[in-house]
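Taking it in order: structure first as C-alpha cells, then the write-up.
Each residue takes its place number in the sequence, starting with 1.
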Amino acid sequence: AETFKNMHLEGLPPMVNAEEHEESRARLNELIDKHRPQVIFTHSPDDCHPDHYGLARCLDTLLKERRQRGEHIELLLWEPGAACPVTGYCPDVFIELNEADVEAKQKAIDVYVSQFSPGHMTGYARTRAEAYGALAGVRFAEPFRRWRPINYAAWKGPDFASLLLNFNNAADVYRLP
C-alpha cells in the first residue's frame, strides 16, 4: 500500500548479537550510507526475539556513533513482539494506515508459518490497527516509540511528573501520502 512506499527492505545477515559482529555492523552502515534515511523503523531493544533484539541493539550502537559525528537519524521502535510483555511500551508516534495497509500486513503475518500456527493470527493485523487507531484518533494506526538515547553519566533518575505529562501529550499522528 501507499503508506510506506519509499521504504527499503534489505537482506541482512543473522542479527543475533549483531552489535558484536563486524559483518552485521558493516552491512547496516553500508545500507545507511546507501539510502541516507531520515527515519529508520525497527524493532524495540525490549523485543524477546533474538534477531529483533540484535538488530535494535546494533542500530542503537551505530546511531550513537553517527550522532557523535553530527548525523541525526530518527529511530522509531515498533512494540516488542515474540511473546514479550508490552506493559511498558508507550508509543508516541502513530502512522495512520488504510484498509490496504492492514490487509497487506495480515498477508505478511500469514506467510510466517514457522512463527505462527495456521489460523492462529487471523484478524490480528486489523484488531491491532484498530486498537492503536483508537488511541491515535484515526481508524487504523501503527504505533512506534521514538528512540531516545540516555546519557547515563548525566542521568539523575526519572522525573515521573514529566514522564506522565509526556506520555499523555506527546503522541504525533502522521498521515503519509
Side-chain angles (χ1 to χ4, degrees), residues 1-12 15 28 31-32 35-60 63 72-149 158 160-177:
E2 292 295 312
T3 301
F4 295 107
K5 66 183 177 182
N6 294 321
M7 180 181 285
H8 299 281
L9 300 174
E10 302 277 352
L12 294 170
M15 288 285 130
L28 286 171
L31 292 171
I32 292 169
H35 295 292
R36 311 303 276 159
Q38 294 177 340
V39 178
I40 295 175
F41 297 87
T42 193
H43 302 283
S44 169
D46 300 327
D47 200 304
C48 296
H49 189 289
D51 282 339
H52 299 178
Y53 169 81
L55 176 60
R57 283 288 300 126
C58 192
L59 282 168
D60 173 61
L63 294 185
H72 177 76
I73 300 171
E74 186 166 15
L75 195 58
L76 295 180
L77 307 171
W78 192 64
E79 71 178 320
C84 293
V86 293
T87 54
Y89 182 73
C90 299
D92 56 1
V93 174
F94 295 89
I95 304 231
E96 184 178 22
L97 304 178
N98 61 35
E99 185 73 36
D101 295 324
V102 174
E103 289 172 13
K105 181 160 186 174
Q106 187 62 53
K107 286 179 185 175
I109 290 170
D110 291 343
V111 300
Y112 280 94
V113 293
S114 67
Q115 304 286 315
F116 311 110
S117 27
H120 179 70
M121 299 296 281
T122 302
Y124 177 75
R126 176 173 301 281
T127 301
R128 228 180 120 272
E130 286 174 342
Y132 281 115
L135 286 174
V138 297
R139 183 171 177 207
F140 301 122
E142 191 71 26
F144 294 92
R145 180 174 54 91
R146 285 184 180 94
W147 171 76
R148 293 181 177 92
F160 290 107
S162 173
L163 288 173
L164 183 60
L165 178 66
N166 287 336
F167 174 70
N168 290 328
N169 298 313
D172 295 323
V173 177
Y174 294 98
R175 292 172 174 87
L176 303 176

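Side-chain contact between Ile73 and Val39 is absent, with no heavy-atom pair separated by less than 4.5 Å. No side-chain heavy atom of Asp101 sits under 4.5 Å from any side-chain heavy atom of Phe140. Leu97 has its side chain out of reach of Val138: every pair of non-hydrogen atoms, C-beta onward, lies at least 4.5 Å apart. Considering only heavy atoms from C-beta on, Arg139 comes within 4.5 Å of Glu99 through its side chain.
Here the closest non-hydrogen pair linking Ser44 and Ala56 is C-CB, 3.7 Å. Taking every heavy atom of both residues into account, Asn98 and Ala100 meet most closely at OD1-N, 3.0 Å. When every heavy atom of Tyr132 is checked against every heavy atom of Ala141, the shortest pair comes out as CB-O, 3.5 Å. Scanning both residues, Ala125 and Gln106, for their nearest heavy atoms gives N-OE1, 2.9 Å. The two atoms that bring Arg146 and Asp92 nearest to each other are N-OD1, 2.9 Å, heavy atoms only.
Not counting sequence neighbours, Glu103 has no partner by the side-chain hydrogen bond (donor to acceptor under 3.5 Å, both in side chains) test. For Arg145, the side-chain hydrogen bond (donor to acceptor under 3.5 Å, both in side chains) test picks out no residue, with sequence neighbours left out.
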Q. Could you walk me through whether Arg128 and Glu79 pass the side-chain contact (heavy atoms from CB on, under 4.5 Å) check?
A. CA-CA 11 Å; Arg128 228 180 120 272; Glu79 71 178 320; 2.4 Å; yes
Q.
As a quick check of understanding, evaluate side-chain contact (heavy atoms from CB on, under 4.5 Å) for Ile32 and Leu59, giving each step before the final call.
A. CA-CA 10 Å; Ile32 292 169; Leu59 282 168; 4.3 Å; yes
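In summary, the side chains of Trp78 and Glu142 do present a donor paired with an acceptor at a separation below 3.5 Å, with no hydrogens or angles considered.
You'll find the ring centres of Phe144 and Phe41 inside the 6.0 Å limit.
Thr42 OG1 to Leu77 CG: the interatomic distance, rounded to the nearest 0.5 Å, is 7.0 Å. With rounding to the nearest 0.5 Å, the separation of CZ in Arg36 from CG in Leu31 is 12.5 Å.
In this pair, His43 and His52 present their aromatic rings parallel. The plane angle is below 30°, not in the 30 to 60° band.
Salt-bridge annotation for Arg57 and Asp60: present, with a side-chain N of the basic residue lying under 4.0 Å from a carboxylate O of the acidic one.
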